[in-house]
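Below: one structure, written as structure tokens.
This one's a predicted model, so the numbers in the text were calculated from it and none came from an experiment. Only heavy atoms go into these numbers, but all of them, side chains included; no hydrogens, no water, no symmetry mates.
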Amino acid sequence: MDDNIIFDLKTKDEDLIILFSQWKEEATTYHDELLRHQKISEQYYIGNQTDKEFVAPHNSNVVENRVFESVETMTPIATANAHQFVAVPGNDNEISMKKAENVQKVLGAKYEDLGIQEKLETITRKIMLYRFGVLKWVWSEVHDDVDVLEIDPRLILIPKVKIDPNSPEFPYVIEKQEYAYNEMEEYFPKAELDELSEYGETGTGKSSTDYPKLKRTYIVYEVTTNEMKAWFSSGQVLDKRENPYWDFKGQDKKTRDPLPGRTRYKIRTEKVFRNHLNRPTKEYVFFTAFKVLDEPIGSVSLVEVGIPIQDAINVQKRRIIDNLRVMGNGQVIMDNDAMSEEESLNITDEPGLVIRGEGAASQGKVKREAGVPLPNGHFENLSHSEQVFDNIMGTHSATRGVANAKTLGQDILSRQQDFSRIDLITRVLNRGMGLVANGLVQLMKMYYTEIHVIPVLGVDSSIEFIKMLGSDIEDNTVIKVKTGQTLQMDEVSTHNEAIQLWQLQAIDPVTLFERLKFPNPEKSAERLLMWKQGQLDQETQAKIALAQAGAAAGAQAKAQELSTKGTEQGTQGRGVETPMNVIQRAMSAMGGTAPVAPGTPNI
């Protein structure tokens, strides 16, 4: 490799082509090495496993696709919680805080509008299958706004060096692209298209040179460094330009500094650069795990580790099915004089078959014997292989939704152990999304030269329209990414925790109903408050009624006690008059007979 050639705009095209050819040759070797493993993992994912196409027709080629099951179990768990963005203001004042809050809301809106969570699902699958995934933050000329693209890792060529591919120190990234003829005219108007010879496939197995120009597909290699981008095809430089996502030139900003006396001002001019990042960087973000060797991405994928165990599962499964077929057919044993050899050849395993022969039924000259079953060791080996596979992938039965443990606690513990494995993928996604978020802010600060209105959906379903300019993004603003709780708690555990906190009066009713997943937590909390107030009123009324009833019962008991005492006194004296006796005596005085007072002696 010629170390004297520098990849920049001042370098001649001839030298750039030489350097590109060296880079491409260096990266292709590593790319082809990765591609060989990626193809195998892909075939196992779609079910083409353990030499399935080479199995004899009379043998079973069944596949118990645990690879697909594990990948699709881990993917929704690792991407279940949407990422949340936090913008730390550059200055300690209300205006700076408000601007940072708007940046934070806009990032959250873009996360939803660009479907980033769905793209992360694809990234998660490719980490497990292809060892790495790639996102690319770009400015869309069509939508006049930021965008995030998911790039097929099989189209990425990078050198095999022990440097983090997300580091600014990483030398270059080559992306293999395909363009139609009209796209080539639009994106590379200065290129001589008729002189290009690198064509893609037409889909018919024939070279696109046999078809009109409009049906041709051109292979183009986009080479990116921190400072520059260039496009190559058929040994030609189609275009080259400085990094379009970094402000190298800046703008002049005039500031008036007051002189002594404040009657005159000194005009000061300074360069203002519309950059959020600290230095130029490539717009590619790599997601990878399991890095142990001297290479930029993972040395192995989860699926690659599980393939030998997957083969063992398939082999045992096929052997069991083949044995069941043999046991079903069994063997036919007969005496020589039961029938001729030609007649015996007509005996098959056809349902309802009638066997005719001399003494075949009465003398037992023809009989069937079942096949020999497999030893239990085969089934134990199959079960053990499945358990080992689950241990490797971190997808035991409880995580897949099949509860095989004796107790609920054992299932929950098993799920938590699996989640610790899946948490590794979650952390990889979190780190990558931090780079994507900062890249989007860089694009906003550069290209939001005119006001962009972004609708933001609030928590209470209200819509807020935020007006954003690049100048609203202050220097020193820090973007952080979080997912709240990276791992999902078991739903039962979440409910139990919420109830316990409620009993300890540690959470409010709205939070309680949110964790219990009520459809409308605020309305439920309002109804709870109204019900509790009504209950208090009822309890108060019940206490008053109880007190009144107790007082009435006490008065009646007292009166009964006095009446009993008067009767017991007999001729010893008159009894005590009650208010009722007084009323009746008054009525008697007006004309009537008044009842005698209790205990009045007869004269």
Side-chain angles (χ1 to χ4, degrees), residues 76-77 79-89 92-113 117 398 401 403 407-409 411-413 415-416 419 423 426 430 454-467 480-554:
I77 296 175
T79 59
N81 295 315
H83 290 84
Q84 299 176 0
F85 303 95
V86 177
V88 181
D92 186 14
N93 56 67
E94 292 185 4
I95 297 177
S96 180
M97 292 181 180
K98 182 61 179 177
K99 290 181 177 180
E101 181 183 357
N102 288 341
V103 172
Q104 179 174 312
K105 291 180 179 179
V106 169
L107 282 175
K110 294 302 179 185
Y111 184 88
E112 297 293 335
D113 297 342
Q117 190 169 20
T407 65
L408 176 61
D411 281 331
I412 293 176
L413 180 61
R415 290 190 67 191
Q416 294 299 330
F419 285 173
D423 189 35
T426 304
N430 292 347
I454 299 97
V456 177
L457 184 64
V459 178
D460 55 350
S461 299
S462 62
I463 298 179
E464 177 185 3
F465 292 92
I466 297 179
K467 297 180 179 180
K480 296 183 179 181
V481 177
K482 65 176 184 177
T483 59
Q485 190 174 6
T486 56
L487 293 180
Q488 286 184 311
M489 287 184 63
D490 178 80
E491 189 170 341
V492 176
S493 301
T494 303
H495 292 177
N496 291 338
E497 181 187 63
I499 293 172
Q500 291 173 2
L501 292 173
W502 169 256
Q503 292 172 345
L504 295 173
Q505 298 183 354
I507 58 175
D508 59 274
V510 176
T511 304
L512 170 67
F513 293 130
E514 286 176 348
R515 296 192 181 185
L516 293 179
K517 294 186 177 180
F518 276 43
N520 194 333
E522 292 81 5
K523 190 67 176 177
S524 299
E526 181 181 351
R527 290 178 177 177
L528 173 64
L529 180 60
M530 295 175 60
W531 177 81
K532 293 193 70 174
Q533 289 177 346
Q535 184 185 38
L536 290 175
D537 294 341
Q538 293 176 2
E539 290 178 354
T540 302
Q541 294 176 3
K543 289 180 180 180
I544 294 173
L546 181 62
Q548 292 176 344

Which residues pass the side chain to side chain contact (heavy atoms under 4.5 Å, CB included) test with [X], sequence neighbours left out?
X: Lys110; result: Val106, Leu114, Asp145, Val146, Met444, Tyr448, Ile454
X: Glu112; result: none
X: Asn520; result: Glu522, Lys523

State, to 0.1 Å, how close [X] and [Y] come at their nearest heavy-atom pair, and which atoms those are.
X: Leu107; Y: Phe85; answer: O-CE1, 3.6 Å
X: Gln104; Y: Ala87; answer: OE1-N, 3.1 Å
X: Pro89; Y: Ser96; answer: CB-OG, 3.4 Å

Practice item. Please confirm whether the backbone N or O of Tyr111 pairs with a side-chain atom of Gln117, one donor and one acceptor, at under 3.5 Å? Key: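 The answer is no, because no donor-acceptor pair under 3.5 Å joins these two groups.
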Exercise for review: Under the ring pair (Phe, Tyr, Trp, His ring centres under 6.0 Å) rule, collect the residues that match up with Phe513, sequence neighbours excluded.
Suggested key: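 Only Phe518 meet the ring pair (Phe, Tyr, Trp, His ring centres under 6.0 Å) criterion with Phe513.
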Practice item. Would you give the length of the straight line joining atom CD1 of Ile499 to atom CG of Leu516, rounded to the nearest 0.5 angstrom? Key: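 Ile499 CD1 to Leu516 CG: 5.5 Å, rounded to 0.5 Å.
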Point to revise | CD on Glu101 to NZ on Lys98, rounded to 0.5 Å | key: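 Nearest 0.5 Å value for the NZ-CD distance: 4.5 Å.
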Review point. Is Asn93 atom CG crowded by more than 12 heavy atoms from other residues, nucleotides or ligands, each under 6.0 Å away?
Key: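 Count over threshold, so yes.
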Practice item. Check side-chain hydrogen bond (donor to acceptor under 3.5 Å, both in side chains) between Glu464 and all other residues, then give those that pass, not counting sequence neighbours. Key: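 For Glu464, the residues satisfying side-chain hydrogen bond (donor to acceptor under 3.5 Å, both in side chains) (neighbours in sequence not counted) are Lys105.
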Atom pairs and distances, side-chain donor-acceptor, residues 500-510, under 3.5 Å, sequence neighbours left out:
residue	atom	partner	partner atom	Å
Asp508	OD1	Thr511	OG1	2.8
Asp508	OD2	Val510	N	3.1
Asp508	OD2	Thr511	N	3.0
Asp508	OD2	Thr511	OG1	3.3

